[in-house]
Novice: 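There's a structure below that I have some questions on.
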Amino acid sequence: MHKKPYLPQKTCLVCGRPFSWRKKWARDWEQVKYCSERCRRQRSAASGADTADSDKSMR
């Protein structure tokens, strides 16, 4: 049985993309807010939903 489709998911606060649980986040899954290191670095530049909406329209 393949377990990956049943992993918990969250939405990144910067880019708005969904991301799944990873083993390296097992100890602090509740504190994970960003899908990647790039989004974590850009967190101060992001102003919530306004930035996420503008990024989606450019793709």
Side-chain angles (χ1 to χ4, degrees):
M1 175 187 247
H2 197 65
K3 296 181 182 180
K4 289 202 182 233
Y6 305 106
L7 295 174
Q9 288 190 348
K10 290 186 178 184
T11 303
C12 179
L13 296 178
V14 175
C15 67
R17 293 180 182 167
F19 62 96
S20 296
W21 181 90
R22 294 183 186 171
K23 189 173 181 177
K24 69 179 186 177
W25 293 332
R27 284 181 273 141
D28 58 347
W29 175 244
E30 297 302 319
Q31 289 77 36
V32 175
K33 299 177 185 177
Y34 310 104
C35 65
S36 64
E37 187 67 25
R38 180 179 180 184
C39 282
R40 188 186 65 79
R41 279 187 258 123
Q42 292 180 351
R43 70 181 180 253
S44 60
S47 61
D50 297 333
T51 304
D53 290 340
S54 64
D55 286 346
K56 288 179 184 175
S57 64
M58 297 176 92
R59 291 182 197 162

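When a residue number appears, it is its place in the shown sequence, counting from 1. Just the heavy atoms: all of them, side chains too, but no hydrogens, waters or symmetry mates, feed the values below.
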Novice: Just to verify, what does Arg27 make a side-chain contact (heavy atoms from CB on, under 4.5 Å) with, not counting sequence neighbours?
Specialist: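 Applying side-chain contact (heavy atoms from CB on, under 4.5 Å) to Arg27 gives none.
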
Novice: About how many Å separate CG of Leu13 and CZ of Arg43, when rounded to the nearest 0.5 Å?
Specialist: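 Rounded to the nearest 0.5 Å, the CZ-CG separation comes to 11.0 Å.
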
Novice: Please enumerate all residues that pass side-chain contact (heavy atoms from CB on, under 4.5 Å) together with Gln9, with sequence neighbours excluded.
Specialist: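 Gln9 satisfies side-chain contact (heavy atoms from CB on, under 4.5 Å) with Pro18, Ser20 only.
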
Novice: The criterion is side-chain hydrogen bond (donor to acceptor under 3.5 Å, both in side chains); which residues satisfy it with Glu37, sequence neighbours excluded?
Specialist: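 Partners of Glu37 by the side-chain hydrogen bond (donor to acceptor under 3.5 Å, both in side chains) criterion, ordered by chain and then number, come out as Arg40.
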
Novice: Partners of Ser36 by side-chain contact (heavy atoms from CB on, under 4.5 Å), sequence neighbours excluded?
Specialist: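 With sequence neighbours excluded, Ser36 shows a side-chain contact (heavy atoms from CB on, under 4.5 Å) to Arg38, Cys39, given in chain and number order.
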
Novice: Applying side-chain contact (heavy atoms from CB on, under 4.5 Å), can you list everything that pairs with Pro8, at least two apart in sequence or on another chain?
Specialist: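 side-chain contact (heavy atoms from CB on, under 4.5 Å) list for Pro8, sorted by chain: Trp21, Trp29.
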
Novice: Not counting sequence neighbours, which residues clear salt bridge (Lys or Arg N to Asp or Glu O under 4.0 Å) with Glu30? List them please.
Specialist: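 Glu30 satisfies salt bridge (Lys or Arg N to Asp or Glu O under 4.0 Å) with no other residue.
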
Novice: Which pair of heavy atoms, one from Cys35 and one from Phe19, lies closest together, and at what distance?
Specialist: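 Taking Cys35 first and Phe19 second, the nearest heavy atoms are CB-CD2, 3.6 Å.
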
Novice: How close do Lys10 and Gln31 get, counting heavy atoms only, and between which atoms?
Specialist: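 Shortest heavy-atom contact: NZ-N, 4.4 Å.
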
